Amino acid sequence: MGIYRIMAVDDNEDTLNVIKMTLEDSYYIMTISDPMDFYEMLKIYVPHLIILDVMMPKITGFQILDILQHREEYKKIPVVILSAKEQAREIRHGYRLGAKLYITKPFTAERLKRNIDLQLQKDPPNLNDDFKIENVMKPLQYSKSFQKGKVNLSGPNIDAKEWVEDKLRRTLDKARQLRPDHKNRGR
């Protein structure tokens with residue numbers, strides 16, 4: 001059986017770390033700290049569920065949700081709002097835009113995990129796609145956002161940074177094996 005893919009977008013690194021640590025044992029989780037990187041990452045990593053903060057610079061979670069709902073290929077992806085905006089009108093606005101769940105901050109890791117699990121059980125996404133984590137890691141390693149630490153991917157038995165470092169180490173080892181020995185040059 002496959003593993004569900006989640007994408008979390010929040011400009012607060014601490015919140016993203018809590019989300020990552022809470023979900024990475026059960027799901028693939030891509031965390032994005034700059035909401036402007038969201039659409040670039042969506043092209044290489046199509047999630048089964050998206051977690052969005054509302055108050056972010058440049059583009060809000062509500063704006064992202066509204067755009068997703070108007071794109072046929074993304075409108076069926078369930079969105080969970082995770083926000084400090086707790087007024088009833090804000091919560092209603094999130095649901096009107098298409099959010100499946102609205103969780104207010106501060107939140108507990110247990111509550112987040114339970115709600116994500118229930119959402120995916122209630123309306124399980126199709127896992128019969130040809131997803132391979134390697135197909136995400138290859139383009140991800142060349143992304144400036146990933147290189148700058150604004151995007152991360154982890155999950156059961158994977159950590160994107162470790163994967164890229166290991167691949168680089170293996171590439172360097174191969175290059176060293178192919179390179180003539182510099183000590184014997186010119187003798």
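Remember, predicted model here, so these are calculated numbers, not experimental data.
- The number of heavy-atom neighbours closer than 6.0 Å to CD of Glu72, taken from other residues, nucleotides and ligands shown, is 12 or below.
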Distance-only criterion, 3.5 Å: show the donor-acceptor pairs between side-chain atoms of residues 34-44 and protein atoms not counting sequence neighbours.
{"residue": "Asp34", "atom": "OD1", "partner": "Met36", "partner atom": "N", "Å": "2.9"}
{"residue": "Asp37", "atom": "OD1", "partner": "Ser145", "partner atom": "OG", "Å": "2.8"}
{"residue": "Asp37", "atom": "OD2", "partner": "Ser145", "partner atom": "OG", "Å": "2.9"}

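- The two atoms that bring Gln119 and Pro78 nearest to each other are NE2-CB, 4.0 Å, heavy atoms only.
- Residue Tyr142 holds its OH atom at 12.0 Å from CE of Met137, rounded to the nearest 0.5 Å.
- In this structure Gln63 satisfies the side chain to side chain contact (heavy atoms under 4.5 Å, CB included) test together with Ile59, Thr60, sequence neighbours excluded.
- Considering only residues two or more places apart in sequence or on other chains, Glu110 meets the side chain to side chain donor-acceptor pair (under 3.5 Å) condition with none of them.
- Between the NZ atom of Lys105 and the CG atom of Leu112 there is a distance of 11.0 Å, given to the nearest 0.5 Å.
- Residues satisfying the side chain to side chain donor-acceptor pair (under 3.5 Å) criterion with Glu86, sequence neighbours excluded, are absent altogether.
- Annotation: side chain to side chain contact (heavy atoms under 4.5 Å, CB included) contacts of Arg114 (sequence neighbours excluded): Arg111, Leu118.
- Here the side chains of Leu101 and Ile81 are not in contact, with every heavy-atom distance at 4.5 Å or above.
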Practice problem: For the pair Ile6 and Leu23, evaluate side-chain contact (heavy atoms from CB on, under 4.5 Å) and give the outcome as yes or no after the intermediate values. | Solution: CA-CA 9 Å; Ile6 296 174; Leu23 300 176; 4.0 Å; yes
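- Annotation: side chain of Ile77 is not in contact with side chain of Leu68 (no heavy-atom distance under 4.5 Å).
- Note that the CG atom of Leu140 and the CD atom of Gln147 stand 9.0 Å from one another [nearest 0.5 Å].
- You'll find the side chain of Leu120 reaches within 4.5 Å of the side chain of Ile116, heavy atoms only.
- Classification of Glu134 and Lys132 as a salt-bridged pair fails, no side-chain N sitting under 4.0 Å from a carboxylate O.
- Among residue pairs with one or both ends in residues 87-97, those qualifying as salt bridge (Lys or Arg N to Asp or Glu O under 4.0 Å) are Lys85-Glu90; sequence neighbours excluded.
- One distance of note links NZ of Lys100 with CG of Leu65; it measures 10.0 Å at 0.5 Å rounding.
- Side-chain contact between Val9 and Ile51 is absent, with no heavy atoms from C-beta onward closer than 4.5 Å.
- Within the 4.5 Å cutoff, side-chain heavy atoms of Lys20 are placed close to those of Asn152.
- Note that OG1 of Thr31 and CE of Met21 are 11.0 Å apart. Values are rounded to the nearest 0.5 Å.
- The distance from atom CD1 of Ile50 to atom CD1 of Ile64, rounded to the nearest 0.5 Å, is 8.5 Å.
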Self-check item: Verdict with supporting geometry, Thr104 and Ile91, side-chain contact (heavy atoms from CB on, under 4.5 Å)
Solution: CA-CA 9 Å; Thr104 56; Ile91 295 170; 4.3 Å; yes
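- Looking at heavy atoms from C-beta onward, Leu82 lies in side-chain contact with Ile19 at the 4.5 angstrom threshold.
- Legend: residues meeting ring-ring contact (aromatic ring centres under 6.0 Å, His included) with Tyr74, ordered by chain and number and at least two apart, are absent.
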Exercise. Could you walk me through whether Ser83 and Asp53 pass side-chain contact (heavy atoms from CB on, under 4.5 Å), step by step?
Key: CA-CA 5 Å; Ser83 178; Asp53 182 23; 4.2 Å; yes
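- Among residues two or more places apart in sequence or in another chain, the side chain to side chain contact (heavy atoms under 4.5 Å, CB included) test is passed with Asn12 by Asp10, Asp14, Thr15.
- Met55 approaches Ala84 most closely through the heavy-atom pair CE-CB, 3.9 Å.
- Residues Met7 and Leu52 are not in side-chain contact: their nearest non-hydrogen atoms beyond the backbone lie 4.5 Å or more apart.
- Proximity of Tyr4 to Pro47: side-chain heavy atoms (C-beta onward) are nowhere separated by under 4.5 Å.
- Not one N or O on the side chain of Arg5 forms a donor-acceptor pair closer than 3.5 Å with the backbone of Leu49.
- Residues in residues 89-124 take part in these ring-ring contact (aromatic ring centres under 6.0 Å, His included) pairs, two or more places apart or across chains: Phe62-His93.
- Shown here are the side chain to side chain donor-acceptor pair (under 3.5 Å) partners of Ser26, two or more places apart in sequence or in another chain: Lys113.
- Within the structure, ring-ring contact (aromatic ring centres under 6.0 Å, His included) pairs that include any residue of residues 11-33 comprise Tyr28-Phe131 (at least two apart or interchain).
- Checked by atom type and distance alone, the side chain of Glu24 never pairs as donor or acceptor with a backbone atom of Ile29 at under 3.5 Å.
- Residues passing the side chain to side chain donor-acceptor pair (under 3.5 Å) test with Lys75: none are found, sequence neighbours excluded.
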